[in-house]
Trainee: 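The structure under discussion is supplied below as structure tokens; questions concerning it will follow.
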Amino acid sequence: MKKVAILGFGAAGYHGAQGVRMTDAEAVIDVYTDTAFGPHNPMLTTYYAKNALPYQGMFPYGSLEEVQERLNLQVFRASPVAELKTAEKAIRTAGGRTAWYDSILIATGASAFVPKIPGAGLPGVFSMRTEADARYLKERLESGAVRSGLVVGISWSGIKVAENFAQRGIPCTLMNRSAQAFSHALFPETAERVLAHFQERGLQISLGKTLQRIEQGADGGLSAFTRDGQQLTADIIVMTSGIRPNLDFLSTEDICTEGGLLVDPHMETCVPGIYAAGDCCAAYDIFTGTQKNIALWMNSVEQGRVAGVNMAGGSARFRGNLPVSLGHCLGLDFLSVGDPSAAVPTGRVYEYADKQLYIRAARNGRKLHCINVIGAAECSGAIKNAFIKSIEAPDAALSIQTACLLRSQGFPDDFIKFLGGKHLD
Amino acid sequence: MTELEEKLKAKIPGADTGIEVKRSICAICSPSHHCGLNCYVKDGTIIRVEGDPDHPYSHGKLCTKGSATRSYVYRKDRIRTPMRRIGERGEGKFEPISWDEAYQLIAQGLNRVKTEYSPHSVAFFSGYSKWYRPIYQRFAHVFGSVNFGTDDSVCAVAMKMGDNLTTGGGAAPDMAHSNTFLGWNFDGYYSEHLSIEGVQKLKARGGKVIIIDIRKTPAAKNLADIFLQIRPGTDGALALGMAKLIIDNGWADMDYVERYTYGFDQYKELAGQYPLEKVSEITGLRAEDIYEAAKVFATNGPACTNFSASALVHRINGFNTHRSIVCLMALTGNYDRVGGNYPVPATYLRQPAGFSTRDELFRNERYPKDGPERIGAQRFPLWESSFNEFQAMDLLRTLEEGTPYPVKAIFALGMNAKMFPETERLLEAMKEHLDFFVDVDVFMTRAAAYADIVLPACTSVERSELKCYRGGYLYYTRPVIEPLYESKSDVDILCELAKAMDLDDDLLKSGYEACLDWMIEGCGITMAELKESGRPMLVPTAKWPVKPGSCLENGFRTPTGKIEFYATAVAAIDPKYGLDPLPSYRDSLEDQNDPDTKADYPFYLCTGARVAYSIHSRSQRTPWLRSMCPVPTCEINQEDARRLDIANGDQVTISSPYGSIRMRAHVTGKTLAGVVLAQHGYTEANVNSLLGRDHLDPYTGFPGYKGMRCNISKYEGG
Amino acid sequence: MKYVFTFDEDRCSACGACRMGCIDQNDIDIESGESCFRRTYEDEIELKDGGLYCVYLSAACMHCENAPCIDACPAGCIKKDQETGFTVYDNTNCIGCKSCALACPFGAPVFRKSDGKMVKCDGCNIRVKNGLKPACVRACSFGALDCVAEADFNASEGGKACSQLLKNLGLQKYS
């Protein structure tokens with residue numbers, strides 16, 4: 001009988017367990033988690049805070065007990081793994097339990113990155129990742145005592161926190177270290193339009209500012225000081241500058257990491273029998289052809305499942321990461337596929353704007369390297385797919401159905417041509 | 001969600017959900033169809049509609065329009081109460097009044113014109129639909145007016161006249177026994193959706209399909225073995241050219257010609273003027289394609305054709321074009337033969353069902369004796385002698401000129417002003433010259449806005465009506481919901497008005513069902529039985545299927561008793577009108593070919609070519625259907641568009657000597673260079689306003705909707 | 001019993017009847033700008049020989065075996081109906097993030113402004129379970145669109161399943 005361990009129980013851990021279970025009904029599955037909750041989706045925190053979702057909604061697969069029963073798991077709750085002995089495939093928990101396995105899935109996820117600056121630990125300064133973060137934001141906003149907010153880091157979660165303020169009519173400043181927001185996803189032209197939209201909806205934008213320290217005044221209000229001497233006051237400060245993989249328990253001498261645990265398309269690390277999936281791993285990336293850490297819910301789901309199937313003796317391959325994101329905030333959708341910074345001087349750029357749509361796309365010779373679209377979320381999957389196609393088969397044109405969908409949604413013929421034209425199946 | 005909640009949301013019929021399936025018919029399009037509906041009704045409201053699988057004609061099928069029934073019935077612009085105009089004509093300001101008051105006002109208004117002028121100065125006019133027309137026509141005549149006219153002035157009657165004058169009546173294709181289907185202007189995907197299955201079956205049997213059309217259609221793609229994309233308006237030349245090929249190559253059925261036709265020598269001489277090269281040049285088709293089509297049609301065994309109801313006769317050369325196609329059927333011996341086309345006599349509402357009723361007698365028996373000629377008679381004598389309605393295309397002139405006698409009142413059911421060429425001029429003339437104008441309609445329309453009294457009619461699902469169907473059926477429908485608001489069935493309005501006016505006709509005054517009892521008496525079934533059943537019933541006297549060969553055996557219902565290549569009825573018309581008894585061809589833009597007009601308006605404008613989701617103006621304002629093409633659109637060939645710097649989706653101006661409209665351009669390779677196809681029926685872009693009131697076929701008075709000159713340019717405004 | 005939608009392009013004219021059926025069944029508020037779950041398309045392609053290929057299509061959710069929208073939904077709203085095989089959803093917890101749209105190559109999930117939630121074709125799951133055809137299929141007069149039991153479809157061979165496209169896109173089941 002196979003015996004597997006799953007370290008961490010978010011999307012990757014849950015789907016890892018499910019992958020094992022759907023391949024092997026008998027396997028013993030031990031789950032080690034540092035919480036007492038069912039698998040939690042960090043993306044849902046801000047939705048809970050704005051009452052778009054009930055509390056239980058943050059746990060899309062149900063409570064830990066329900067999941068445990070559904071998948072027949074042995075769950076060690078509040079038992080973070082302190083040590084992984086890769087050679088023996090053994091784990092030791094903080095509580096001192098040691099156990100040996102046929103295979104192990106590392107799915108420990110990632111945590112919010114908080115810069116180590118003075119005042120980062122003050123009450124009212126927090127990040128947005130966990131169930132506790134969500135409850136705290138909601139409580140504070142609903143207390144009626146918050147008159148202003150500061151969000152440090154224009155990130156996918158940062159803008160959703162800011163939306164919480166804006167929708168409650170609470171003044172909020174979005175501060176960003178870089179002079180361009182979303183520089184890894186958006187062209188400067190796109191970012192400008194996105195931020196202009198946020199400003200129209202009442203958000204203050206502050207770019208190119210590095211936070212130096214936070215102080216608390218006598219009234220409990222917070223003051224944030226930037227490196228260039230600016231002072232901003234706010235009742236709460238949310239740190240949303242990104243996330244870092246949870247790999248502290250590992251010795252990097254024993255296992256290969258590079259911004260995350262390096263895995264092959266089967267989600268196996270460089271150590272046979274040890275797998276990794278989700279926000280803690282760096283999996284094969286379709287776009288660059290290298291291994292990259294791209295923390296997306298859907299990646300975690302697929303990676304977890306692939307790992308689980310393989311751990312149980314089945315065979316599955318991960319199709320690959322793709323740098324893709326669909327932001328939606330304050331009534332604006334903006335899609336990014338690829339990498340805007342991958343341009344070469346000989347590349348071509350396409351731009352289009354009308355009342356509903358903004359498109360900016362660029363290609364280097366035969367391959368597209370970035371597409372930004374504002375205002376057409378319903379077509380985002382079709383565009384993403386066209387992008388993948390341009391990488392995997394640069395000479396293949398769009399399918400007729402894709403071309404028709406784009407046309408019907410107001411995309412100009414020239415853009416369809418830019419994507420590669422259409423072809424007959 | 002509980003299971004019941006799920007079922008309610010999914011509209012599952014049953015006792016638990018309280019959703020009942022009730023049967024009715026769709027009357028959105030032509031009475032040749034009227035498919036069976038299954039209406040899902042909950043608490044007196046229709047919540048879903050689908051085709052009725054038990055319907056003997058449509059077998060569960062519905063087209064795009066019928067599938068949008070709910071959007072049509074619950075349109076927000078339904079007229080809710082009887083109304084009296086309080087603003088200027090055309091302004092659209094009305095106040096609600098009671099039905100009684102409305103009837104009194106109508107009686108006074110009509111009788112005043114009758115007294116001051118004559119009963120014939122009241123024109124009774126009907127737009128769509130056609131189901132109430134026996135009642136309506138009798139009403140007009142009992143009132144005392146000869147002037148009953150309808151949309152038949154521009155619909156399919158030109159084709160029927162061509163049939164009647166050539167062979168004595170219409171003829172249906174015998175698809176089941178044919179080897180070749182000549183689909184002349186056929187696109188069953190867009191109109192007559194039930195016809196597709198027959199063509200699919202013919203193909204599956206190995207039959208050949210020839211499609212002739214001015215644009216690349218789904219039928220051309222999915223069905224055609226031979227597709228001729230013909231230059232618009234030149235079908236008559238093609239038919240004569242095919243006739244020449246058939247005669248010259250010995251493919252004609254000369255035995256048939258000798259026994260059953262009249263005027264072959266003159267016809268042969270006419271066809272002789274259309275050698276292949278000339279026809280190729282006129283039609284824009286390759287000579288070898290024409291030859292191939294003619295050969296397959298004439299030599300592949302029995303061949304049948306659709307007779308396109310309107311498309312070909314909506315040109316000023318339309319009547320003869322249709323006649324020339326009918327003549328091809330006779331030339332090849334395919335008329336009234338198995339696998340060809342054969343006569344199927346009308347039963348009721350001019351639709352065939354294999355038995356007889358007295359509806360035509362009901363319409364005509366009270367025609368005023370010693371009345372004057374009808375409106376348009378002096379301009380269109382062939383129409384006047386061939387059809388029992390006034391030619392509405394002369395209404396505008398009559399209003400303006402008041403000759404030979406003035407028209408001072410119009411009583412209308414569903415009048416669609418946008419049907420008339422130079423629409424605005426007609427509305428102006430009505431505003432200026434009419435003493436009284438009543439319009440009954442389901443929806444508030446452009447014409448209704450000019451009426452003094454407006455009455456709300458209901459739709460087919462809110463009333464009972466009698467229909468006959470192929471196969472020998474009669475069907476008296478039951479309402480599936482109560483009439484919305486204060487609306488009423490058109491026939492109830494007419495019969496109640498007959499009572500209020502105390503017209504001299506006990507039948508009309510005794511109501512619709514009594515009239516129907518009179519009309520169907522002798523067919524072997526009674527209204528009581530039909531009412532009781534609520535389902536289509538087989539009529540005992542019906543003989544179905546109608547068999548081919550009756551005319552070959554008993555003679556054709558023409559003056560000569562034969563199929564007339566040379567139409568004696570046309571020959572009987574005063575030569576001053578210049579009508580040719582032979583199906584001769586002339587240019588469909590003949591009256592617009594002077595050098596100036598040609599230079600200023602170089603494009604061929606064809607309006608109203610069918611699309612699946614549209615039937616005249618009624619669908620343009622039905623939200624679900626409108627969503628298929630939200631903006632008034634015209635099609636232009638991609639080469640023309642390139643030359644004129646028009647991109648797909650651009651706004652364009654279409655202009656004619658009569659005005660200009662703005663539409664969105666759909667740039668396509670499906671239409672030929674030099675041709676503009678425009679959708680009709682839009683208020684904000686009424687393409688019929690570009691059509692001259694005198695651009696008419698002299699044989700029938702039919703307007704050249706599908707053949708007129710225009711120019712098109714990119715709209716440069718904001 | 002699992003079901004498969006089939007589509008025969010050679011019988012389609014993009015007439016839109018299927019769309020009307022869908023609007024009718026799902027009470028889609030077209031007038032307010034809501035998108036129908038089923039879309040019909042007309043397009044044309046110039047061929048190398050100078051000819052023109054006219055395209056007529058009808059498309060909605062493909063009910064992929066390995067539906068990416070299910071994985072993509074952060075709130076766990078979408079799942080497979082075990083009986084019919086349709087990709088169904090309960091959008092009570094939908095946050096309108098459109099992740100499903102980003103996952104779908106076909107544009108099937110659409111955003112409904114009135115409640116800020118995503119909606120899509122569910123194959124008329126409850127109708128099918130009650131022995132009725134999906135509304136779009138019911139409305140097709142030309143035999144272009146059908147929904148048949150998977151077993152019958154597999155037995156028929158050569159049928160034109162909507163899911164043919166899916167193979168190319170890797171949306172079939174893990175083998």
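Chain naming here is simple, since letters A, B, ... match the order of the sequence lines and numbering starts at 1 in each.
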Trainee: Let's test your reading of the structure: which of Gly96(C), Cys69(C), Cys94(C), Ala59(C) forms the most heavy-atom pairs below 4.5 Å with chain A?
Mentor: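 Winner by heavy-atom pair count: Gly96(C).
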
Trainee: Rounded to the nearest 0.5 Å, how far does CG of Leu57(C) lie from OG of Ser399(A)?
Mentor: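 Those atoms lie 9.0 Å apart.
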
Trainee: A side-chain contact here means heavy atoms from C-beta on lying under 4.5 Å apart; do Met298(A) and Cys73(C) qualify?
Mentor: no

Trainee: If we define contacts as heavy-atom pairs under 4.5 Å, which of Ile388(A), Leu335(A), Asp333(A) has the most with chain C?
Mentor: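 Most heavy-atom pairs under 4.5 Å with chain C: Asp333(A).
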
Trainee: Would you give the length of the straight line joining atom CZ of Phe106(C) to atom OG1 of Thr402(A), rounded to the nearest 0.5 angstrom?
Mentor: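 One finds 7.5 Å between CZ of Phe106(C) and OG1 of Thr402(A).
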
Trainee: Is a side-chain N or O of Asn41(A) found less than 3.5 angstrom from the main chain of Pro74(C), in a donor-acceptor match?
Mentor: yes

Trainee: At a heavy-atom separation under 4.5 Å, does Leu406(A) approach chain C through its side chain, its backbone, both, or neither?
Mentor: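 Neither the backbone nor the side chain of Leu406(A) comes within 4.5 Å of chain C.
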
Trainee: Compile the donor-acceptor pairs under 3.5 Å between side chains in residues 408-417 of chain A and protein atoms, sequence neighbours left out, one pair per line.
Mentor:
from	atom 1	to	atom 2	distance (Å)
Ser408(A)	OG	Cys404(A)	O	3.4
Ser408(A)	OG	Leu405(A)	O	2.8
Asp413(A)	OD1	Arg407(A)	NE	3.4

Trainee: So which part of Ile95(C) gets closer than 4.5 Å to some heavy atom of chain A, the side chain, the backbone, both or neither?
Mentor: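 Both parts, backbone and side chain.
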
Trainee: Once salt bridge (charged side-chain N to carboxylate O under 4.0 Å, His left out) is applied, do any residues pair with Lys120(C), and if so which ones, sequence neighbours excluded?
Mentor: none

Trainee: Report, by ascending residue number, the residues of residues 75-90 of chain C in heavy-atom contact with chain A at a distance under 4.5 Å; give 'none' if the set is empty.
Mentor: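 Checking residues 75-90 of chain C against chain A gives Ala75(C), Gly76(C).
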
Trainee: Measuring heavy-atom distances to chain C, does Asn299(A) have an atom under 4.5 Å in its side chain, in its backbone, in both, or in neither?
Mentor: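 Interface part for Asn299(A): neither.
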
Trainee: If I measure from the heavy atoms of chain A, does Ser35(C) come under 4.5 Å with its side chain, its backbone, both, or neither?
Mentor: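 Only the side chain of Ser35(C) comes within 4.5 Å of chain A.
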
Trainee: How far apart are the closest heavy atoms of Ala377(A) and Ala101(C), and which atoms are they?
Mentor: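 Nearest heavy atoms, Ala377(A) then Ala101(C): O-CB, 3.6 Å.
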
Trainee: So how far is it from Ile400(A) CD1 to Ile45(C) CD1, rounded to the nearest 0.5 Å?
Mentor: 2.5 Å

Trainee: Tell me, for Leu53(A) versus chain C, whether the close heavy atoms (under 4.5 Å) come from the side chain, the backbone, both or neither.
Mentor: side chain

Trainee: Can you name the salt bridge (charged side-chain N to carboxylate O under 4.0 Å, His left out) partners of Arg168(A), sequence neighbours left out?
Mentor: Glu142(A)

Trainee: Are Arg39(C) and Gln401(A) close enough that some pair of their side-chain heavy atoms sits under 4.5 Å apart?
Mentor: no

Trainee: Determine whether Asn93(C) and Pro60(A) make a side-chain contact, defined as any pair of heavy atoms from C-beta on separated by less than 4.5 Å.
Mentor: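 Of all side-chain heavy-atom pairs linking Pro60(A) with Asn93(C), none is under 4.5 Å.
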
Trainee: Are the side chains of Cys97(C) and His328(A) in touch, meaning some heavy atoms are under 4.5 Å apart?
Mentor: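 The answer is yes; the side chains approach within 4.5 Å.
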
Trainee: Select one option (side chain, backbone, both, neither) describing which atoms of Glu46(C) are under 4.5 Å from chain A's heavy atoms.
Mentor: neither

Trainee: With heavy-atom distances below 4.5 Å as the criterion, would you say the side chains of Glu378(A) and Pro109(C) are in contact?
Mentor: no

Trainee: Any heavy-atom pair between the side chains of Asn66(C) and Arg305(A) that's under 4.5 Å?
Mentor: yes

